[in-house]
Amino acid sequence: MSKPPCECGEKKISYPNPGFLCFSIRNPSINSVKIAAYLSVEYTMRASHFFLSTLKEAPAEAELVSHRLMLRAGYIKKLGSGLYTWMPLGLRVLRKIEAVVRDEMNTVGALEVLMPAVQPAELWQETGRWDQFGPQMLKIRDRHAREFCFGPTHEEVVTDVVRREIKSYRQLPLTLYQIQTKFRDEIRPRFGVMRAREFVMKDAYSFHADFAGLQTTYQSMYAAYSRIFTRLGLKFRAVAADTGAIGGSGSHEFHVLADSGEDAIAWCPQSDYAANIELAEAVAPAAVRGVAQEAMHKIATPGYCSIEAVSVALNLPAAQLVKTLLVQSGETVVALLLRGDHQLNEIKAAKVLGQEFRLADEAVLRTVTGCAPGSIGPVGLSIRVIADRSVMTMSDFVCGANEEGYHWRGVNFGRDLPEPEVADLRNVVSGDPSPDGQGELALCRGIEVGHIFQLRTTYSAAMSCQFLDEQGQSQIAEMGCYGIGVSRIVAAAIEQNFDDRGMCLPAAIAPFTLAIVPVGLRKSEAVREMSERLYVEFSRLGIDVLLDDRDERLGVMFAEMELIGIPHRLVIGERALVAGEVEYQGRTDLQAQRVSTEGCVAWVLEKLKLR
RNA sequence: CGGGGCGUAGCGUAGUCUGGUAGCGCGCCUGGUUUGGGACCAGGAUGUCGGGAGUUCAAAUCUCUCCGCCCCGACCA
């Protein structure tokens with residue numbers, strides 16, 4: 001199928017001249033939106049009429065590459081902490097992402113709606129989240145002192161809409177989505193639009209007569225998400241995720257892979273296994289515990305209070321030491337044992353313990369062990385002891401002696417202390433066996449740009465979203481929800497695509513696809529004519545072309561076109577023009593190439609196809 | 001909220017310790033010379049020094065207070 005080379009897949013209508021517009025308005029087959037779009041094309045795609053506001057130096061507050069570049073390129077302007085204005089250039093990028101998201105949502109049969117950003121408290125009180133959600137929710141009062149919030153998410157609203165409409169299983173499944181501004185009063189907004197308080201999100205909600213229906217939609221959403229991020233030109237990975245506070249079961253996060261990502265992801269290069277490190281299982285080691293060789297004996301470790309210090313002092317690898325952590329939840333204190341070189345995974349530990357916990361206070365710790373932190377160990381403890389799986393293969397290990405300045409050496413389970421309870425308590429590390437048995441895990445960092453959940457009936461039950469089934473029985477609808485951080489994707493895409501000159505955005509999301517840079521526009525009639533000709537021709541082909549018709553020096557034009565991330569560039573100069581040629585250079589190409597003026601349109605179209 | 005830091009022209013900053021009435025680079029405006037990688041020369045505009053109060057003959061500078069912002073920790077698209 002031959003699609004027009006326009007990125008969003010929409011057909012653009014070209015009009016030969018403005019006079020035709022008057023006629024078009026009376027023509028019902030051409031809607032005014034498209035005419036408006038045409039007008040804006042005419043008036044914005046010339047750099048002299050556009051609004052470019054670039055900076056040579058980035059504002060001091062920006063730390064992350066994407067944040068610095070977005071400010072420098074004039075994509076966004078800050079209004080306050082976590083609040084940004086999308087400037088014309090940045091908005092083009094945002095809109096292109098939205099277009100792809102919309103297209104794929106529509107493809108899987110989701111229907112677009114637009115729900116209120118301001119929501120009454122009563123709805124949230126129905127699910128109990130008015131109090132649960134916490135200070136992240138911006139609560140506001142109207143003139144009658146009625147309580148509202150600025151929506152941080154829309155489960156309550158959409159469930160309310162659907163419960164009023166759905167009577168029969170015949171109306172299901174139903175998936176609604178919206179692209180809308182959300183507000184979450186983040187504790188610490190940072191990194192520009194990466195973690196803003198106000199942000200644009202696509203959120204979809206599906207309703208089903210049964211769990212099987214939910215699973216089907218969940219799968220097609222999973223596939224749609226994969227298509228979206230592929231079309232956006234991003235390197236991403238879907239990972240199994242913790243369901244977190246939103247509740248329900250079954251969940252995947254979609255991460256754009258970038259070193260600056262806030263999440264750690266464990267993945268297997270040999271298979272498609274991937275999980276958030278919060279969830280990735282550290283499988284039981286295949287190794288069998290060695291036979292005890294040494295007798296347990298006490299050694300002086302004066303002042304050595306960390307695994308590292310003890311390891312250095314005894315000249316032993318940290319993997320030979322057992323780390324003992326005392327945690328408390330309420331009145332109960334539990335000892336957790338980890339290999340010295342491993343890190344506690346608090347989510348796993350909380351699941352094992354069945355509740356939230358924190359590290360024990362020093363006073364509690366002294367009461368239980370009789371010594372200060374730094375020398376505690378499991379030998380002789382009378383509290384519950386849970387060991388990580390990898391600890392169970394250790395023999396003749398070192399641990400604290402519960403006596404300040406002393407450690408035990410040659411400690412063995414079964415002989416020197418009872419066999420403990422065993423659980424998966426630690427974060428996986430690079431090189432751990434993959435839980436699917438297909439090789440070893442690697443770690444990388446990711447930016448969470450999408451999250452899909454099987455909510456099941458958490459919200460529908462709380463809000464009695466019911467329908468009648470084939471037997472005429474009242475049933476509670478199964479629900480799924482599917483989010484994409486649209487504005488965050490802009491930042492994530494830049495994190496993944498930049499160089500020392502600026503952004504190198506994928507063509508699908510770049511603000512413009514092609515820059516036409518004339519050399520000496522005001523001097524040369526030939527340059528002017530060729531630039532205009534190509535500009536009109538590409539415009540009519542539906543290509544987002546920016547003609548840099550400003551009276552700027554060449555270096556300035558190049559620098560700005562590169563900074564703002566336009567993927568393709570044609571330079572029209574007399575030098576090449578006398579040979580009947582123009583110069584083409586891709587944003588990441590090392591060198592420009594001469595192309596004949598007749599062939600250059602086809603040449604560029606070919607380049608667009610490849611990216 | 002806890003810990004650290006900052007607030008001087010649109011952006012980047014000096015001056016603050018040691019009080020004497022604000023400087024530099026980029027950008028902007030005018031004129032000229034330039035014009036294939038963020039030009040050069042000359043001239044120019046822009047500052048309630050975050051707000052308020054206090055100390056002082058005198059405050060960007062010292063004191064108090066409020067506000068805003070950034071960085072490190074707990075939340076999440």
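In what follows, chains carry the letters A, B, and so on, assigned in the order in which the sequence lines appear, proteins first and then strands, with residues in each chain numbered from 1.
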Checklist outcome for this item: Residues passing the side chain to side chain contact (heavy atoms under 4.5 Å, CB included) test with A:Val65, sequence neighbours excluded, are A:Leu69, A:Glu495, A:Phe498
Checklist entry - The side chain of A:His451 lies closest to which of these nucleotides: B:rC11, B:rA77, B:rC1? => result B:rA77
Checklist entry - Quick one: side chain to side chain contact (heavy atoms under 4.5 Å, CB included) partners of A:Glu126, sequence neighbours excluded? => result A:Leu123, A:Arg163, A:Met463
Next on the checklist: Give the residues of residues 483-495 of chain A touching RNA chain B, defined as any heavy atom closer than 4.0 Å, sorted by residue number.
Outcome noted: A:Gly485, A:Arg488
Checklist entry - Listed by chain and number, what are the side-chain hydrogen bond (donor to acceptor under 3.5 Å, both in side chains) partners of A:Thr54, not counting sequence neighbours? => result A:Glu560
Checklist entry - Just checking, A:Arg92 and A:Phe512: is the charged tip under 6.0 Å from the six-membered ring centre and within 45° of the axis? => result yes
Checklist entry - Can you tell me how far P in B:rC64 sits from the matching atom in B:rG23, rounded to whole Å? => result 30 Å
Item to check | With sequence neighbours excluded, residues passing side chain to side chain contact (heavy atoms under 4.5 Å, CB included) with A:Ser81 | outcome: A:Pro189, A:Arg197
Item to check | Separation of the P atoms in B:rG50 and B:rC17, to the nearest angstrom | outcome: 15 Å
Item to check | Euclidean distance for C1', B:rA53 against B:rC69 (whole angstrom) | outcome: 23 Å
Checklist entry - Who passes side-chain hydrogen bond (donor to acceptor under 3.5 Å, both in side chains) against A:Arg533, sequence neighbours left out? => result none
Checklist entry - Considering only the P atoms, how many Å lie between B:rC26 and B:rC40, rounded to the nearest integer? => result 7 Å
Item to check | Per-nucleotide protein contact string for nucleotides 34-44 of chain B (B base, S sugar-phosphate only, - none; heavy atom under 4.0 Å) | outcome: BBBBBB-----
Checklist entry - Looking only at atom P, what distance separates B:rC28 and B:rG38, rounded to whole Å? => result 15 Å
Only distances under 3.5 Å count here; give the side-chain donor-acceptor pairs of residues 570-583 of chain A to other protein atoms, sequence neighbours excluded, each with its distance to 0.1 Å.
residue, atom, partner, partner atom, Å
A:Glu574, OE2, A:Ser524, OG, 3.1
A:Glu581, OE1, A:Arg594, NH1, 2.9

Next on the checklist: Say we look at B:rG12 and B:rG7: how far apart would their C1' atoms be, to the nearest angstrom?
Outcome noted: 14 Å
Item to check | Where protein sits on nucleotides 66-72 of chain B, one letter per nucleotide: B base, S sugar-phosphate only, - none, heavy atoms under 4.0 Å | outcome: ---SSSB
Checklist entry - According to the salt bridge (charged side-chain N to carboxylate O under 4.0 Å, His left out) rule, which pairs have a member within residues 105-116 of chain A, sequence neighbours left out? => result A:Arg102-A:Glu112
Checklist entry - With sequence neighbours left out, what residues match A:Arg227 under side chain to side chain contact (heavy atoms under 4.5 Å, CB included)? => result A:Glu104, A:Thr107, A:Val108, A:Ala223, A:Ala224
Checklist entry - With both distances under 3.5 angstrom, what nucleotide forms a Watson-Crick or G-U wobble pair with B:rG20? => result B:rC57
Checklist entry - Just checking A:Gly134: base, sugar-phosphate only, or nothing, at a heavy-atom cut-off of under 4.0 Å? => result nothing
Item to check | P-based separation of B:rG20 from B:rA59 [nearest Å] | outcome: 11 Å
Next on the checklist: Per the salt bridge (charged side-chain N to carboxylate O under 4.0 Å, His left out) rule, what does the pair list look like for residues 67-82 of chain A, sequence neighbours excluded?
Outcome noted: A:Glu61-A:Lys78
Checklist entry - Does one side chain, of A:Gln178 or A:Asp203, offer a donor that lies under 3.5 Å from an acceptor on the other? => result yes
